[in-house]
Amino acid sequence: MQSRCLNTRSSGITAQVQTRRPPVSRSSVTCKAAAQDPLLLRVARGEEAERTPVWLMRQAGRYMAEFRAYSDKYPFRMRSETPDIAIELSMQPWRAFKPDGVIFFSDILTPLPALGIEFDVIKGKGPRIDDPIRSMEQIKALKTLDDPLNSLPFVHEILSSLRKEVDGQATLLGFVGTPWTLAAYAMEGKADRDCKQTKMIMFNNPALLHALLEHLTTALITYVGYQIEAGAQVVQLFDSWAHHLSPEQFAEFSLPYANRITEAVRAKYPHVPIIFHANGGTGKLDVVAGSNADVIGLDWSTSMRVCRQTLGPQHKVQGNVDPMVLFGTQEVIEAEVKRVLLEAGPQGHILNVGHGVVQGTPEENVGYFCELARQSGKIHQEQQQQQQQQHAANGQLVGAAV
């Protein structure tokens with residue numbers, strides 16, 4: 001076992017942390033030729049693949065006993081900003097369940113302190129920003145993200161180390177929050193069911209909100225590029241607060257800024273696919289269809305069949321099993337996963353839950369979810385055979401009738 005002691009400072013806390021990471025076992029993983037990219041990356045690019053890849057949002061989380069050994073002991077920012085801990089937490093679900101994607105353990109708010117917006121995460125309450133951004137003077141005083149290697153060095157170390165540890169056996173995912181979601185957090189100062197302060201600004205001083213969105217967009221373009229250069233092979237944009245927006249508001253205050261990030265990143269890193277996941281986005285699919293991302297992430301409030309029909313064949317999709325299904329029996333999980341797989345089709349789909357894995361989810365059910373994805377090639381083949389048999393039977397009936 002690898003073992004290291006280190007001193008770490010995060011959110012004003014200094015501690016000595018002992019981390020132990022068992023060596024990654026590769027014996028149970030079937031490796032493709034070294035020249036072939038990992039499955040999830042190939043599907044996100046639009047290439048045909050042998051089966052549907054899988055990963056889960058919040059796959060590194062408190063539902064895992066291994067994870068709780070850290071979350072019960074260390075505060076969030078210490079865990080996410082201490083490379084050895086963040087690497088260990090990122091690798092735990094991959095060692096346990098072998099998903100096709102490893103997403104680095106971090107937070108959408110991680111880049112904010114580099115801009116001059118400090119935050120903390122209070123256990124049981126979530127993020128807190130003591131000095132919310134609600135004036136043009138505050139926006140003008142914000143820093144620019146000119147040198148993330150200096151202001152966010154731990155992100156580079158985490159991603160570059162994970163890329164080496166995963167060693168091509170899975171796709172390494174980076175992620176950021178969208179400008180809208182980060183702006184709403186920065187203006188509210190905490191999660192708010194009505195997004196009251198931000199929406200008051202939206203309706204009374206929209207120029208202020210747009211100014212903050214502009215600043216964040218510029219910073220996030222740099223931050224995504226920084227993650228890619230550190231090793232991220234796919235990057236997901238999380239629009240976690242999209243559900244607060246009507247379709248018209250989403251079209252003005254969220255989607256254009258997310259699209260600008262994708263456009264700028266694609267111009268510099270055309271080989272890196274972008275996933276856009278809007279929480280609540282299936283309630284405004286006709287607007288979400290205007291995303292220029294490579295893959296559209298979907299929540300579970302609309303069927304995959306309807307999503308496919310609305311978005312059209314040009315969009316690759318991700319999702320969209322209700323995460324609460326993972327509290328069900330294996331029969332229920334299998335039925336729901338198969339339904340989503342078959343409605344999505346055999347190509348251009350990444351299996352995922354429609355939002356994060358919920359605390360208390362049985363670990364073995366997450367493992368079964370991933371195993372069903374590994375069986376997806378067979379599931380689609382059986383469906384195709386059944387359809388062919390049905391077509392043949394229908395042809396025989398027509399012939400007999402004639």
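Fair warning: this is a prediction, and the values are worked out from it, not measured in the lab.
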### Task
Measure up the H244 and W241 rings against each other and bin them: parallel (under 30°), tilted (30 to 60°), perpendicular (over 60°).
perpendicular

### Task
Pick out which of S246, P247, S254 makes a side chain to side chain contact (heavy atoms under 4.5 Å, CB included) with V287.
P247

### Query
How about T171 and V102: do any of their side-chain heavy atoms sit closer than 4.5 Å?
no

### Query
How many angstroms lie between CD in E165 and CG in L172, if you round to the nearest 0.5 Å?
11.0 Å

### S135 and Q138: side chain donor to acceptor below 3.5 Å
yes

### Within-4.5 Å side-chain heavy-atom neighbours: L351 and F369
yes

### Query
Can you name the one residue among N259, V295, T262, L255 that meets side chain to side chain contact (heavy atoms under 4.5 Å, CB included) with F276?
L255

### Query
Can a cation-pi geometry be assigned to R77 and F119, taking NZ or CZ under 6.0 Å from the six-membered ring centre and within 45° of the ring axis?
yes

### Query
If we only count heavy atoms from C-beta on, is the Q249 to M202 side-chain gap below 4.5 Å?
yes

### Summary
Output for pair (L213 CG, R260 CZ), nearest 0.5 Å, gives 9.0 Å

### Query
Taking C-beta and beyond as the side chain, do L326 and P362 meet within less than 4.5 Å on heavy atoms?
no

### Salt bridge flag under 4.0 Å for residues E188 and R134
no

### Task
Scan E118, K143, E81 and name whichever one has a side chain to side chain contact (heavy atoms under 4.5 Å, CB included) with P113.
E118

### Task
Indicate whether any N or O donor in one side chain lies under 3.5 Å from an N or O acceptor in the other, for D299 and T282.
yes

#### Entry: SB check R266 E263 (cutoff 4.0 Å)
no

### Query
Using 4.0 Å as the upper bound for N to carboxylate O, is an ion pair formed by E334 and R339?
no

### Message
Under 3.5 Å, is there a donor on one side chain and an acceptor on the other for T181 and D239?
### Response
yes

### Message
If I compare all heavy atoms of V340 with all of G319, which pair ends up nearest, and what's the gap?
### Response
CG1-O, 3.5 Å

### Query
Got a second to check how far L159's CG is from Y226's OH, nearest 0.5 Å?
8.5 Å

### Message
Would you say that V235 contacts L173 through its side chain, given a criterion of any heavy-atom pair below 4.5 Å between the two side chains?
### Response
no

### Message
If you compare all heavy atoms of C370 against all heavy atoms of F97, which two are closest, and at what distance to 0.1 Å?
### Response
CB-O, 3.7 Å

### Task
Write down the atom of S151, the atom of L145, and the distance for their closest heavy-atom approach.
OG-CD1, 3.7 Å

### Query
If we ignore angles and hydrogens, is there a donor and acceptor under 3.5 Å between the side chains of Q375 and E371?
yes

### Task
Mark yes when over 12 heavy atoms from residues, nucleotides or ligands other than Q387 sit less than 6.0 Å from its CD; otherwise mark no.
yes

### Task
Would you please indicate if the ring centroids of F105 and F76 are separated by under 6.0 Å?
yes

### Query
Between the side chains of Q318 and Q236, is a donor N or O closer than 3.5 angstrom to an acceptor N or O?
yes

### For the student: nearest non-hydrogen atoms of V155 and F104, plus distance
CG1-CE1, 4.1 Å

### Task
Would you check, one step at a time, whether the test side-chain contact (heavy atoms from CB on, under 4.5 Å) holds for V321 with W300?
CA-CA 6 Å; V321 177; W300 68 95; over 6 Å; no

### Message
Any carboxylate oxygen within less than 4.0 angstrom of a Lys/Arg side-chain nitrogen, looking at E50 and R42?
### Response
yes

### Message
As an exercise, state the distance from CD1 of I133 to OG1 of T198, rounded to the nearest 0.5 Å.
### Response
11.5 Å

### Message
Could you check whether D130 pairs with K190 (Lys NZ or Arg NE/NH1/NH2 to Asp/Glu carboxylate O, under 4.0 Å)?
### Response
no

### Message
Whether E66 and R95 form a salt bridge (side-chain N of Lys/Arg under 4.0 Å from carboxylate O of Asp/Glu) is what I want to check.
### Response
yes

### Query
According to the interplanar angle, ranging from 0 to 90°, do the rings of H355 and H277 count as parallel (below 30°), tilted (30 to 60°) or perpendicular (above 60°)?
parallel

### Query
Looking just at side-chain N and O atoms, do Q383 and K338 make a donor-acceptor pair shorter than 3.5 Å?
no

### CG on D294 to NZ on K316, rounded to 0.5 Å
5.0 Å

### Query
Taking the side chain from N320 and the backbone from T302, do they hold a donor-acceptor pair closer than 3.5 Å?
yes

### Query
Can you name the closest pair of heavy atoms from Q233 and P273 and give their distance?
O-CD, 3.4 Å

### Task
Write down the atom of L237, the atom of A258, and the distance for their closest heavy-atom approach.
CD1-O, 3.9 Å

### Query
Would you call D100 and R374 a salt bridge, taking side-chain N to carboxylate O under 4.0 Å as the test?
no

### Side chain proximity check, M324 to V358, heavy atoms < 4.5 angstrom
yes

### Side-chain donor or acceptor of Q385 paired with backbone N/O of E382 under 3.5 Å
no

### Message
One pair to check against salt bridge (charged side-chain N to carboxylate O under 4.0 Å, His left out): D120 and K125. What are the steps and the verdict?
### Response
CA-CA 10 Å; D120 198 4; K125 296 182 179 180; over 6 Å; no

### Task
Over 60° means perpendicular and under 30° means parallel, so classify the ring planes of H210 and Y257, tilted if in between.
tilted

### Query
Taking atom OG of S291 and atom CD1 of I296, what is their separation to the nearest 0.5 Å?
3.5 Å

### Query
Are there more than 12 heavy atoms of other residues, nucleotides or ligands under 6.0 Å from atom CZ of R45?
yes

### Task
Check whether any side-chain heavy atom of H156 lies under 4.5 Å from a side-chain heavy atom of E229, and answer yes or no.
no

#### Entry: Test item: F238 and T178 side chains (from C-beta on) under 4.5 Å apart, heavy atoms
no

